[in-house]
Amino acid sequence: MAEQKTSGRRLRQPIVVVLGHVDHGKTTLLDKIRGTTVAAKEPGLITQHVGASFVPASVIEKLAEPLKKIIPFKLIIPGLLFIDTPGHELFANLRRRGGSVADFAILVVDINEGFQPQTYESIEILRQRRVPFVVAANKIDKIPGWRANPDTPFLISLQKQAQRVREELERRLWDNIISKLYELGFQADRFDRIRDFTRTVAVIPISAKTGEGIAELLAVLAGLTQRYLQHRLRFAEGPAKGVILEIREQPGLGTAADVVIYDGVLRKGDIIVTGGLNGPVITHVRALLMPKPLQEIRVAKRELEPVEEVYAAAGVRIVAPGLEEAIAGAPVFVARDEGEAKQLAEKVRREIEALRIKTEAEGVIVKADTLGSLEAMIEALRKRDIPIRYADVGPVAKRDVIEAVASRELNKFYGVILAFNVKVLPEAEEEAKKHGITIFTNNVIYRLLEDFEKWYKEQVEAERRKELEKLVRPGKIRLLPGYVFRRSNPAIVGVEVLGGVIKPGYPLMREDGKRIGTIHQIQDKGKVIHEARAGMAVAISIRGHVMVGRHIDEGDVLYTDIPEQHAVLWLTKFKSELTDDEMVVLKEIIKIKRKQNPAYAVVLGKPQGAKP
Ligand code: GDP
């Protein structure tokens with residue numbers, strides 16, 4: 001492979017990722033870039049990598065040829081290496097201590113739809129990992145009246161558009177993209193109007209479908225990376241450094257790791273150190289596999305062939321014993337000898353240890369398939385202020401359920417397991433069933449969190465309802481003259497509800513605060529009912545030591561006898577649950593109660609137990 005063999009290279013090719021909202025055209029753009037490269041027919045230079053595609057500098061220069069007058073530049077980087085799979089999840093695995101293996105990103109935004117949830121998420125992730133980016137304002141061919149000029153640079157195609165169409169493009173560019181970037185604190189502009197690229201995000205209008213603007217996109221990427229990222233791209237002839245993107249079964253060869261090498265040289269037979277489920281893995285490279293050079297890219301079926309060495313930046317499949325233990329997102333380092341391997345293993349161990357969470361505190365249990373997704377889950381939970389008790393890579397095992405049970409003891413709403421893209425082992429499932437532990441599983445992070453948050457809200461609401469149901473509500477009734485059906489044991493009388501509500505089980509008191517028994521049953525026209533509200537006339541039976549004529553009389557007014565703790569809750573946490581007439585009655589009850597106990601239901605300062 002021509003681009004691999006040059007030794008004494010000064011700069012390696014930048015690693016570029018594509019992010020953006022679903023359906024905004026990430027996959028189409030990557031296909032277009034690959035197709036453009038193939039169409040440029042550079043024999044021997046069209047190389048595929050494992051999980052990535054290389055676009056040589058000569059292709060970029062050729063595409064940018066018509067723009068020479070507008071953007072003059074000479075490339076000193078060998079080209080650009082595009083990671084083939086777009087989106088958050090793979091990007092998360094391109095992790096590197098404190099940052100990313102990706103040198104640059106393209107944020108794809110549909111110019112017609114503008115910013116969407118995953119657009120914002122992408123920017124958030126790029127900010128966290130400190131990856132610079134340009135914006136590809138995609139689907140310009142959908143602007144009404146746009147006349148497509150396939151595979152033409154944007155600036156040339158633009159000259160051929162009607163004035164009205166050009167104005168519409170500007171309007172959408174500003175309203176849907178540039179102003180949104182400003183809202184997020186980024187200065188941004190159309191790429192050809194930018195003077196200082198270190199302060200301004202470049203926006204490049206393109207159509208991934210027609211190929212318009214692809215020339216500028218590649219030219220701007222190449223120009224920016226070689227100008228501003230030279231320190232990162234300086235190539236070391238030394239031992240390779242990389243990260244595992246994916247672990248795969250390689251038929252006949254056992255487990256292999258798809259790795260992105262971002263520095264140095266990797267050779268067959270090298271000692272490599274990486275991170276595993278049960279600690280660091282030290283092994284020897286048995287084989288390095290790369291796709292065969294192709295003149296035409298048929299993405300579906302790319303045959304791999306063994307190579308002796310690869311130079312950064314590269315996507316390569318490594319076959320080595322012990323890789324079945326390795327985790328995606330773990331660093332890969334080449335060691336010169338066994339001694340250095342041990343040191344590197346310690347470094348890897350510490351790096352992975354720093355990503356795990358093991359506490360005795362209340363919080364959810366998190367399991368994820370890769371280090372990248374674990375890190376992303378932890379970040380997402382922290383942003384939502386959801387505490388984490390335990391977080392690790394691997395399938396959900398019995399001990400995770402035991403952790404969840406322990407967490408539930410401290411806070412019943414956090415005794416759950418959030419499993420991202422991992423299996424639940426059968427004994428864990430059994431244990432969870434036994435203890436009633438909920439395991440949430442999903443392979444989209446935000447859906448997993450949404451599911452949990454929905455459940456959490458329901459649990460909190462159910463708990464609130466349950467607590468509310470137990471409280472005695474304010475109620476005020478009057479014994480109707482001429483409706484005494486039975487004087488005692490139990491007393492049965494006709495009453496009118498003057499305010500609030502009465503229910504069976506409620507204790508009653510007189511206007512002077514004297515308790516006179518408990519409501520046993522309520523009947524309305526001979527039918528048993530569960531409550532009676534203001535304005536209703538019903539018959540009630542009263543249990544307890546009460547006799548009509550002695551303790552109470554026709555025409556008397558009675559109130560529900562609200563325990564002090566209930567009254568406090570009505571005044572604080574559940575204030576919004578009372579109707580206006582219930583509130584009026586509550587105040588009358590408190591007045592009566594305070595005659596006996598002046599401190600009854602006095603709420604000081606901040607309401608206790610108010611909503612969190
Ligand atoms: P992804 O989810 O971001 O990878 O989006 P895709 O690449 O799958 O594109 C989503 C849809 O938009 C597909 O139907 C594409 O054909 C279409 N699409 C992508 N880019 C363009 C474009 O520039 N113009 C038009 N008209 N359609 C596009």
Side-chain angles (χ1 to χ4, degrees), residues 16-39 51-53 55 63 82-94 102 104-126 131 133-158 160-161 165-166 168-173 175-177 180 190-191 202-221 245-246 297-300 443-447:
V16 182
V17 292
V18 176
L19 294 179
H21 191 70
V22 63
D23 280 347
H24 279 195
K26 302 179 290 296
T27 312
T28 311
L29 173 62
L30 282 162
D31 284 347
K32 191 71 189 179
I33 289 171
R34 271 195 296 266
T36 308
T37 310
V38 175
S53 301
V55 180
L63 288 173
F82 288 90
I83 300 295
D84 281 342
T85 312
H88 296 10
E89 259 83 59
L90 206 79
F91 177 75
N93 276 342
L94 282 167
F104 220 90
I106 302 173
L107 177 66
V108 178
V109 186
D110 182 334
I111 193 172
N112 312 297
E113 256 195 39
F115 272 44
Q116 297 296 321
Q118 284 165 297
T119 317
Y120 290 103
E121 273 175 37
S122 301
I123 290 181
E124 190 52 40
I125 298 172
L126 292 171
V131 178
F133 63 94
V134 294
V135 174
N138 193 30
K139 307 200 187 183
I140 54 170
D141 62 289
K142 282 174 86 176
I143 293 171
W146 185 269
R147 295 174 64 181
N149 299 282
D151 300 319
T152 306
F154 162 75
L155 292 172
I156 293 173
S157 181
L158 185 68
K160 299 181 180 163
Q161 307 300 325
V165 176
R166 283 197 297 224
E168 185 58 21
L169 172 102
E170 284 307 317
R171 197 187 62 72
R172 292 185 187 199
L173 206 54
D175 290 357
N176 297 343
I177 298 178
K180 296 289 181 276
R190 207 172 85 182
F191 70 99
V203 183
I204 302 131
I206 66 159
S207 166
K209 193 172 165 191
T210 67
E212 289 160 293
I214 299 296
E216 283 102 332
L217 178 63
L218 294 175
V220 170
L221 276 173
L245 269 197
E246 274 177 274
I297 310 293
R298 291 191 197 87
V299 184
N443 52 11
V444 178
I445 288 182
Y446 81 90
R447 294 220 183 99

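We number each residue from 1, following the sequence as shown. Order of appearance sets the numbers: ligands from 1, and atoms from 1 within every ligand.
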### Message
Under the side chain to side chain donor-acceptor pair (under 3.5 Å) test against H21, which residue among E121, Q116, Q118 passes?
### Response
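Going through the options one by one, the only one that passes is Q118.
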### Query
So, are E170 and R166 salt-bridged, with charged N and O less than 4.0 Å apart?
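Looking at E170 and R166, the cut-off is not met.
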#### Entry: Set of residues satisfying side-chain hydrogen bond (donor to acceptor under 3.5 Å, both in side chains) with respect to T210, sequence neighbours excluded
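Per chain and number, T210 pairs via side-chain hydrogen bond (donor to acceptor under 3.5 Å, both in side chains) with S207, E212.
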### Message
Once side-chain hydrogen bond (donor to acceptor under 3.5 Å, both in side chains) is applied, do any residues pair with E113, and if so which ones, sequence neighbours excluded?
### Response
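Listed in chain order: H24.
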#### Entry: Aromatic plane relationship, F154 with W146 - under 30° parallel, 30 to 60° tilted, over 60° perpendicular
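Judged by the thresholds at 30° and 60°, the geometry between W146 and F154 is parallel.
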### Query
Which protein residues have a heavy atom closer than 4.0 Å to any atom of ligand 1, listed by chain and number?
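Its neighbours under 4.0 Å (heavy atoms only) are H21, V22, D23, H24, G25, K26, T27, T28, N138, K139, D141, K142, S207, A208, K209, given by chain and number.
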### Query
Which salt bridge (charged side-chain N to carboxylate O under 4.0 Å, His left out) pairs, counting each pair once, include a residue from residues 135-158, with sequence neighbours left out?
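Every salt bridge (charged side-chain N to carboxylate O under 4.0 Å, His left out) pair that includes a residue of residues 135-158, provided the two are not neighbours, is K32-D151, D110-K139.
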